[in-house]
There are 2 protein chains.
Amino acid sequence: MSADRKPYHRETEDTRRQALITATLALVAEGGAQAATVRAIAQKAGVTAGLIRHYFQGKDQLIAAAYGHLMTRMTADSAADLSKAPHDPTARLAAFVAAALSPPVVDGQALILWATFLQETHRDPAMRQTHAQTYLAFRDQLQSLIADLPALKGAQDPRRLAIACNAVIDGLWMEGCALPEAFALGELVEIGLRAVGAILGTDLSGQGMRDLAQTTDANKKVKT
Amino acid sequence: MSADRKPYHRETEDTRRQALITATLALVAEGGAQAATVRAIAQKAGVTAGLIRHYFQGKDQLIAAAYGHLMTRMTADSAADLSKAPHDPTARLAAFVAAALSPPVVDGQALILWATFLQETHRDPAMRQTHAQTYLAFRDQLQSLIADLPALKGAQDPRRLAIACNAVIDGLWMEGCALPEAFALGELVEIGLRAVGAILGTDLSGQGMRDLAQTTDANKKVKT
DNA sequence: CTATCAATTATCCAAATGCATAATAAGGCC
DNA sequence: GGCCTTATTATGCATTTGGATAATTGATAG
């Protein structure tokens with residue numbers, strides 16, 4: 001009567017943690033927080049539920065780890081192209097904006113993930129810290145790129161400019177994630193470059209659109 | 001042994017529905033979606049859990065009703081000052097932006113509520129419809145205000161301008177909700193007016209800041 | 001004052017959930 | 001090849017949740 005035990009083989013701690021985190025993100029993206037039960041996570045990760053407690057103190061800690069993983073990945077994706085971007089400050093800023101408004105940063109699942117985790121941010125102090133860190137890191141990076149622009153030699157308040165530009169990017173990111181079919185390919189980037197350029201009094205469209213081709217191509221590779 | 005039954009008096013259908021919706025919103029704002037259990041909602045509304053099923057088909061329908069209530073309230077708040085705003089198109093746009101970036105629209109609980117409901121939007125078709133309606137309604141209103149501006153007589157694509165301005169407002173709204181302590185009083189409005197003005201090539205700051213006083217006063221009254 | 005109706009409460013239930021603990025086997029070491 | 005560690009599975013449990021149904025009571029009409 002006793003059914004056979006599930007066969008398995010042992011994996012690295014890192015492998016298992018990663019599998020559990022990936023499964024958590026996938027489930028949350030598909031069906032919201034309520035879909036990410038310990039049993040569902042374990043099944044999607046190809047293990048049994050008990051193993052979660054073996055690698056994490058509890059479900060909450062796994063959720064927090066998944067959130068950190070997501071945010072790290074998103075900020076890394078936004079800054080990825082920056083390393084191979086030219087030294088011209090204007091072009092660098094344009095590349096940054098373009099990357100933040102293209103896949104894989106702009107992604108239908110990303111918004112749900114972000115929104116789902118946002119509420120947890122208010123209860124769990126660890127998640128709140130992750131939130132504040134990644135959020136301000138992004139804005140600081142943007143502010144630093146803006147400060148490097150030759151056009152505005154301390155003319156205006158760089159903090160407020162960064163806040164405004166960050167708002168444009170965030171807002172467009174949201175729209176692009178929520179209503180992807182409402183925008184033509186590259187339209188979001190163009191709107192973003194024009195808006196940020198207008199706020200800063202600098203023309204970014206030329207620079208940005210030139211980089212868009214390689215940016216999009218690179219992202220296509222990542223997407224598949 | 002049998003404890004006394006809870007005394008009660010009958011209320012209007014509208015009163016009870018409203019009480020349940022208010023309780024739902026309060027709970028979600030406090031502790032996220034998971035805090036809004038039927039029992040908790042009923043307790044906060046001063047009734048017993050069974051009554052929820054008497055006025056709503058189920059918990060999901062109550063959640064959807066609460067979401068609709070929230071979105072209706074927020075869009076109404078954004079457009080409230082518009083009715084008593086001057087006829088000057090520039091001033092009207094400035095008033096609209098200022099209202100969207102001031103309390104009660106900008107509110108710490110509003111962001112959590114919005115984020116929490118966003119994920120439900122993906123499962124429940126009714127909620128998705130509410131989402132699309134309120135979202136596009138806001139953007140259409142903004143686009144119509146922009147189109148009335150004398151400065152850009154069909155010069156540029158009004159749709160893209162509206163998208164960009166909407167993004168600024170959304171992004172600043174998020175920042176203001178998430179990190180209210182990071183902005184001085186009226187700073188968010190000023191940043192928003194400057195950014196929107198820059199995108200549209202029109203000066204809004206003068207108009208907007210002049211209106212800010214009455215706007216803020218009016219909102220203070222609403223807040224209490 | 002009484003009968004009636006439905007608004008409201010009370011009780012029960014099946015399912016799901018997170019967690020704890022016991023059982024087992026996979027893989028490395030000697 | 002046998003043993004030992006522990007990664008992994010299997011089982012059980014208390015709690016919670018949403019929903020169904022029965023019991024009761026407050027109001028209203030006649």
Side-chain angles (χ1 to χ4, degrees), chain A residues 1-24 27-28 30-66 116 119-120 123-124 127, chain B residues 1-24 27-28 30-67 116 119-120 123-124 126-127:
Chain A
M1 204 56 178
S2 68
D4 296 68
R5 238 179 134 88
K6 172 184 177 185
Y8 64 95
H9 59 248
R10 301 181 166 193
E11 295 285 357
T12 329
E13 171 171 339
D14 208 53
T15 303
R16 282 276 130 96
R17 288 187 111 101
Q18 188 60 42
L20 289 171
I21 287 176
T22 303
T24 303
L27 282 169
V28 171
E30 291 170 16
Q34 63 165 353
T37 68
V38 286
R39 286 171 176 81
I41 293 170
Q43 186 184 10
K44 177 149 287 199
V47 297
T48 51
L51 201 62
I52 290 179
R53 280 275 301 174
H54 193 264
Y55 285 111
F56 297 91
Q57 279 195 13
K59 189 197 169 188
D60 287 350
Q61 201 186 79
L62 170 56
I63 297 286
T116 301
Q119 50 171 312
E120 315 265 352
R123 278 176 317 172
D124 193 336
M127 292 191 67
Chain B
M1 204 56 176
S2 68
D4 296 68
R5 237 178 136 87
K6 172 184 177 185
Y8 66 96
H9 59 249
R10 302 181 165 194
E11 294 286 356
T12 328
E13 171 172 338
D14 208 53
T15 304
R16 282 277 130 95
R17 289 186 112 100
Q18 188 59 42
L20 289 171
I21 287 176
T22 303
T24 302
L27 282 169
V28 170
E30 291 170 15
Q34 62 165 352
T37 68
V38 286
R39 287 171 175 81
I41 293 170
Q43 186 184 10
K44 177 150 287 198
V47 297
T48 52
L51 202 62
I52 291 179
R53 280 273 303 172
H54 192 263
Y55 285 112
F56 297 92
Q57 277 196 13
K59 188 198 171 190
D60 288 351
Q61 201 185 81
L62 170 56
I63 297 286
Y67 178 58
T116 302
Q119 50 171 312
E120 315 264 352
R123 279 175 316 170
D124 193 336
M127 291 191 69

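This one's a predicted model, so the numbers in the text were calculated from it and none came from an experiment. Residue numbers begin at 1 in each chain, while the letters A, B, ... track the order of the sequences. Side chains included, hydrogens not; waters and symmetry mates left out as well; all remaining heavy atoms used.
Atom pair Q43(B):CD and dA10(C):P shows a separation of 13 Å (rounding to whole Å applied). Rounding to whole angstrom units, CZ of residue R39(B) and P of dT15(D) are separated by 14 Å.
Checked by atom type and distance alone, the side chain of T12(B) never pairs as donor or acceptor with a backbone atom of T15(B) at under 3.5 Å. No donor-acceptor pair under 3.5 Å is formed between the side chain of Q18(A) and the backbone N or O of D14(A).
When the side-chain contact (heavy atoms from CB on, under 4.5 Å) test is applied to A35(A), no partner is found at least two apart in sequence or on another chain. Taking R17(A) as the reference, E13(A) meet the side-chain hydrogen bond (donor to acceptor under 3.5 Å, both in side chains) condition, with sequence neighbours excluded. For E30(B), the salt bridge (Lys or Arg N to Asp or Glu O under 4.0 Å) partners two or more places apart in sequence, or in a different chain, are K44(B). Remark: A36(B) pairs with L27(B), V28(B), I41(B) by the side-chain contact (heavy atoms from CB on, under 4.5 Å) rule, at least two apart or across chains. Legend: residues meeting side-chain contact (heavy atoms from CB on, under 4.5 Å) with A64(B), ordered by chain and number and at least two apart, are D124(B), M127(B). Annotation: side-chain hydrogen bond (donor to acceptor under 3.5 Å, both in side chains) contacts of E11(B) (sequence neighbours excluded): H9(B). Remark: A33(A) engages T116(A), E120(A), Q119(B) in a side-chain contact (heavy atoms from CB on, under 4.5 Å) (not counting sequence neighbours).
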Revision key, fill the gap. Scoring nucleotides 22-30 of chain C by protein non-hydrogen atoms under 4.0 Å (B base, S sugar-phosphate only, - none) yields -BBBBS---

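Contact check of residues 44-64 of chain B against DNA chain D (heavy atom, cut-off under 4.0 Å) returns R53(B), G58(B), K59(B). A heavy atom closer than 4.0 Å to some atom of DNA chain C occurs in no member of residues 11-18 of chain A.
Applying the salt bridge (charged side-chain N to carboxylate O under 4.0 Å, His left out) test to pairs two or more places apart or on separate chains, none has a residue in residues 47-60 of chain A.
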